[in-house]
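A short worksheet on the structure shown next.
For clarity, every value in this text was computed on a predicted model and none was experimentally measured.
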Number of protein chains: 2
Amino acid sequence: MSETKKDRRQPETASRQVAAALRSAIGDGSLAPGDRLPSERTLASTHGVARNTAREAVRQLAESGLVTAEHGRGVFVRVAPRLMRFGQLRYSKKLREDTGVSPFHAEVLAQNRIPNAYLTSIERAVPPASVADRLGVKVSSKSVVRRENWYFADGEPMQVGLTYIPWEIAKGTVLARSDELGPGDLYARFADRGYEITYTREEVTARMPTPEEATGLMLPDGVPVLVVLHTGLDQQRRPFEVTEFVMRADYTGLDYTMPVDAS
Amino acid sequence: MSETKKDRRQPETASRQVAAALRSAIGDGSLAPGDRLPSERTLASTHGVARNTAREAVRQLAESGLVTAEHGRGVFVRVAPRLMRFGQLRYSKKLREDTGVSPFHAEVLAQNRIPNAYLTSIERAVPPASVADRLGVKVSSKSVVRRENWYFADGEPMQVGLTYIPWEIAKGTVLARSDELGPGDLYARFADRGYEITYTREEVTARMPTPEEATGLMLPDGVPVLVVLHTGLDQQRRPFEVTEFVMRADYTGLDYTMPVDAS
DNA sequence: TAGTGGTCTAGACCACCAT
DNA sequence: TGGTGGTCTAGACCACTAT
């Protein structure tokens, strides 16, 4: 390639050497998933460095998601998590009618895990610009209903979803006021009102979590979040709902299969 | 919700207070994108803390991608980057014939940026298990050709792609030996051989970069990567190619629009 | 050469956890 | 109560950048 590539081999600092030693111990199995690392003070003395240096080495491993520190207990090798998959069929009518539950519940049940979801708030709100764009509503008034949901598998938080529904659609319905949506959940209620979800648009990015997200999702250090801006479209491709999902990236994967020519 | 929620308000440590002060200075515009922060030594003395503490505050900002440290120069407020979007149509025949270039080139040109791509290696190789799975080839022999490509926009590295092609398909063709693929690029050559890309499966995850990826992609601290495992399928849904893309998440987004019922 | 970030030392006190 | 990680101090030397 034509770019002048700087030769930046990493310098062999003390903390990197300690980190490398730990990495290889994890790699060859002498430190198995779930095992506790030697304490920072032990690492310091065995490697002949200051505690801060040993600590920096541990920080490097935590940053790349290899280990997790637990205050007062120790530092542990992370166990490889099961990956959840969110695919194209998750909004299909068939899935909804076969299972009678929400897409999330169906997915988690299919993996023999126990799903839970909690609606933590419903309120009429001013939509963020990105949402107003996609729904075609005004950004300057309380033109949407905002529903905040938290999703768990086996008691562990997996994702947060902020669903925005135009007030004109939600007004006077269960969508605007209740967490009891009945059989088939959210998309069945949209169908009742004439909005059958037919297309879905998903815009995906990733970033590091905010401190609030990190605590709320109980994220270990060094785990990013996937952010999915999902738009539900009806038969005439009219948008009727936007949901922003924030999902822990270490437990979540997305799986899309599509024809390459638009339909 | 039924979960007992620990009240973990963040303790107001000294480093967090310094970080908060910097965050609000960035927020209210007194530190604009591109500006240099006060030096660590200056921050330490103005806030009455040790340099290590000021440094920790800066580290917290860097971790969340707000600032970037440059050795010997200073710490700078990051400028919001333009986001590139990789969507569903990128493999369509129409795009290929209209533009005559690869999907990546077309996308970057559409944003008035200058694309570059370099093939850095071609070799016959043993496929990783995930790739062998999806291609339906043996994992234990050199059953694939592996092509490594680096992609740039305006000279900045955007992504790396590792393309795996079954040896049976690539054998004796330009796919196995050349970076000169001719008009329409890779997928046009597959079409020549009877493999017209018709469906694409994309499995998306995110994680922190490895140290090698961080240097190679010139990633600032705190920027995760999107990992897309892309499978190209022909008219009969036979897989003929798998590419693993590693993309910097701060510059990249994915955009999928699909019918909710499978086709 | 002066100023910057990068790393390190050798201490100290605190909060948390298991016993 | 003793050991753990979390944070902090007050120094020090090195590597890099600009002048």
TODO: Would you tell me whether Tyr256(B) and Glu203(A) have side-chain atoms, one donor and one acceptor, within less than 3.5 Å of each other?
DONE: no
Open item on the list: Just the rounded figure in Å: distance from P of dG6(C) to CG of Leu43(B).
Closed with: 13 Å
Task: Whole-Å distance separating the NE2 atom of His47(A) from the P atom of dT7(C) - done: 18 Å
Open item on the list: If the cut-off is 4.0 Å, is Ser39(A) near the phosphate of dT4(D), judged by side-chain N/O to OP1 or OP2?
Closed with: yes
TODO: Write down the distance between CZ (Arg55(A)) and C1' (dT7(C)), rounded to a whole number of angstrom.
DONE: 16 Å
Open item on the list: Distance alone, cut at 3.5 Å: any donor-acceptor contact between the side chains of Thr252(B) and Gln159(B)?
Closed with: no
Using the 3.5 Å cut-off, write out each protein N or O paired with an N or O of nucleotides 8-12 of chain D and the distance between them.
from: dC8(D); atom 1: OP1; to: Ala14(B); atom 2: N; distance (Å): 2.4
from: dC8(D); atom 1: OP1; to: Ser15(B); atom 2: N; distance (Å): 3.0
from: dC8(D); atom 1: OP2; to: Ser15(B); atom 2: OG; distance (Å): 2.8
from: dC8(D); atom 1: N4; to: Asn52(A); atom 2: OD1; distance (Å): 3.3
from: dC8(D); atom 1: N4; to: Asn52(A); atom 2: ND2; distance (Å): 3.4
from: dT9(D); atom 1: OP2; to: Ala50(B); atom 2: N; distance (Å): 2.8
from: dT9(D); atom 1: OP2; to: Thr53(B); atom 2: OG1; distance (Å): 2.2
from: dA10(D); atom 1: N6; to: Asn52(B); atom 2: ND2; distance (Å): 2.9
from: dA12(D); atom 1: N6; to: Arg51(B); atom 2: NH1; distance (Å): 3.3

- [ ] Nearest whole angstrom, please: distance from the C1' of dG5(C) to the CD of Glu70(B).
- [x] 11 Å
Task: Whole-Å gap separating P (dG6(C)) and CZ (Arg59(B)) - done: 12 Å
Task: NZ/NE/NH1/NH2 to OD/OE distance under 4.0 Å, Arg207(A) and Glu213(A) - done: yes
Task: Over all atoms of both residues, closest heavy-atom pair of Ala153(B) and Val108(B) - done: CB-CG1, 3.9 Å
Task: Qualifying salt bridge (charged side-chain N to carboxylate O under 4.0 Å, His left out) pairs with a residue from residues 39-49 of chain B, counting only residues at least two apart or across chains - done: Glu40(B)-Arg51(B), Glu40(B)-Arg55(B)
Open item on the list: Between Tyr151(A) and Tyr118(A), is the ring centroid distance below 6.0 Å?
Closed with: no
Open item on the list: Once you apply a heavy-atom cut-off of 4.0 Å, does Val58(B) come out as touching a base, just sugar-phosphate, or nothing?
Closed with: nothing
Task: Rounded interatomic separation in angstrom, taking NE2 from His71(B) and C1' from dC16(D) - done: 5 Å
TODO: Quickly work out the Glu40(A) CD to dG3(D) C1' distance and round it to whole Å.
DONE: 12 Å
Task: Spacing of Arg36(B) atom CZ relative to dC16(D) atom P, expressed in whole Å - done: 19 Å
